[in-house]
Amino acid sequence: MGTKRQYEDEGKDSSSKKSTGFWALGLISAMKDPNLIIEEDEEVVVIKDKYAKAKYHYLVLPKEDISSLNKVTKSHLPLLQHMHDVGVKMAEKHPEAEMRLGYHAVASMARLHLHVISQDFDSPCLKSKKHWNSFTTKFFIPSEDIIAEVEKTGRVFQITSEAAKKLLDTPLKCHKCDFQPPNMPKLKLHIQTHYKK
Ligand code: AMP
Ligand code: ZN
């Protein structure tokens with residue numbers, strides 16, 4: 001499934017995507033949507049991910065117009081650290097849950113965003129192999145690693161589109177054990193054995 005198909009599942013109109021790519025700006029509107037905003041300060045907004053891929057899934061976005069990791073420079077280090085700190089506070093609201101904070105190596109949506117996501121992946125919106133691999137392979141880059149890389153090199157290394165595709169096409173594997181399910185329904189059933197409700 002291509003990136004476009006992935007978003008057809010998420011309520012976006014494929015014809016407008018093809019003609020304008022307008023769907024990719026959805027997070028910028030979402031940052032102003034009172035139904036999605038959890039909290040904000042002078043620098044960042046925290047929203048609920050509208051198509052949450054787990055029980056708890058938040059996005060931390062800067063108010064500064066930074067489109068993606070590609071545009072990040074050393075001058076953004078204090079902001080990246082602040083986004084991280086805000087993400088940690090969100091994660092701490094769910095002490096019973098295992099949470100990870102990170103960025104997709106190649107994001108689909110504009111405005112830089114930090115994912116704060118629980119590892120149960122218990123959500124009807126998590127449907128495809130691409131969804132799964134985007135959160136459980138190296139496609140998901142921990143927030144600390146991004147900060148360390150920008151500290152060291154002044155920027156974020158961009159993987160090629162071939163490398164990104166390869167990560168998203170990785171055969172399905174449980175993130176908690178060696179089980180390799182044949183398909184997503186079997187994976188979703190299996191994950192429940194690790195996260196008893
Ligand atoms: P990424 O692949 O890192 O660009 O992830 C974009 C995230 O934004 C996904 O987790 C989507 O579920 C989420 N998303 C897409 N559209 C919206 C929207 N309009 N409001 C809130 N979250 C959204
Ligand atoms: Zn497992």
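Atoms within each ligand, like the ligands themselves, are counted from 1 in listed order.
- Using modelled atom types and a 3.5 Å distance limit, the side chains of S128 and H131 yield a donor-acceptor pair.
- For L59, the closest heavy-atom approach to ligand 1 falls below 4.0 Å.
- Residue pairs that meet the ring-ring contact (aromatic ring centres under 6.0 Å, His included) test with at least one member in residues 71-95, sequence neighbours left out, are Y56-H94, Y58-H94.
- Between the side chains of S68 and N70, no donor-acceptor pair is found at a separation under 3.5 Å.
- Only the side chain of H104 comes within contact range of ligand 1, with a heavy atom under 4.0 Å; no backbone atom does.
- Of all atoms in ligand 1, listed by their number and element, those nearer than 4.0 Å to a heavy atom of A107 are 3 (O), 4 (O).
- Looking at K50, H57, M109, H113, it is H113 that brings a heavy atom closest to atom 3 (O) of ligand 1.
- Distance OG/S134 to NE2/H104: 3.5 Å, rounded to 0.5 Å.
- Distance alone, capped at 3.5 Å, is enough to place a donor-acceptor pair between the K129 side chain and the D169 backbone.
- Each protein N/O/S atom under 2.8 Å from the Zn ion (ligand 2) was counted, for a total of 4.
- Of all the heavy atoms of L36, the ones lying under 4.0 Å from any atom of ligand 1 belong exclusively to the side chain.
- Of all the atoms in ligand 1, the ones that sit under 4.0 Å from a non-hydrogen atom of L27 are 8 (O), 14 (N), 17 (C), 21 (C), 22 (N), 23 (C).
- Every side chain to side chain contact (heavy atoms under 4.5 Å, CB included) that D85 has, sequence neighbours left out, goes to Q81.
- In this structure, K89 does not pair ionically with E39, as no charged nitrogen and carboxylate oxygen lie closer than 4.0 Å.
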Verify side-chain contact (heavy atoms from CB on, under 4.5 Å) between M31 and E40, making sure each step is shown before the conclusion. CA-CA 9 Å; M31 288 172 74; E40 63 183 304; over 6 Å; no
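- For ligand 1 and S108, the ligand atoms under 4.0 Å from any heavy atom of the residue are 1 (P), 2 (O), 4 (O).
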Which donor-acceptor pairs under 3.5 Å do the side chains of residues 179-191 make with protein atoms, sequence neighbours left out?
| unit_1 | atom_1 | unit_2 | atom_2 | d |
| --- | --- | --- | --- | --- |
| N183 | OD1 | K186 | N | 2.9 |
| K188 | NZ | S123 | O | 2.6 |
| K188 | NZ | L126 | O | 2.7 |
| H190 | NE2 | H194 | NE2 | 3.2 |

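- The proximity of A30 to ligand 1, defined as any non-hydrogen pair under 4.0 Å, is limited to the side chain.
- Of all atoms in ligand 1, numbered sequentially from 1 with element shown, those under 4.0 Å from a heavy atom of K53 are 12 (O).
- Within a 6.0 Å sphere centred on CD of E42, other residues, nucleotides and ligands contribute 12 heavy atoms or fewer.
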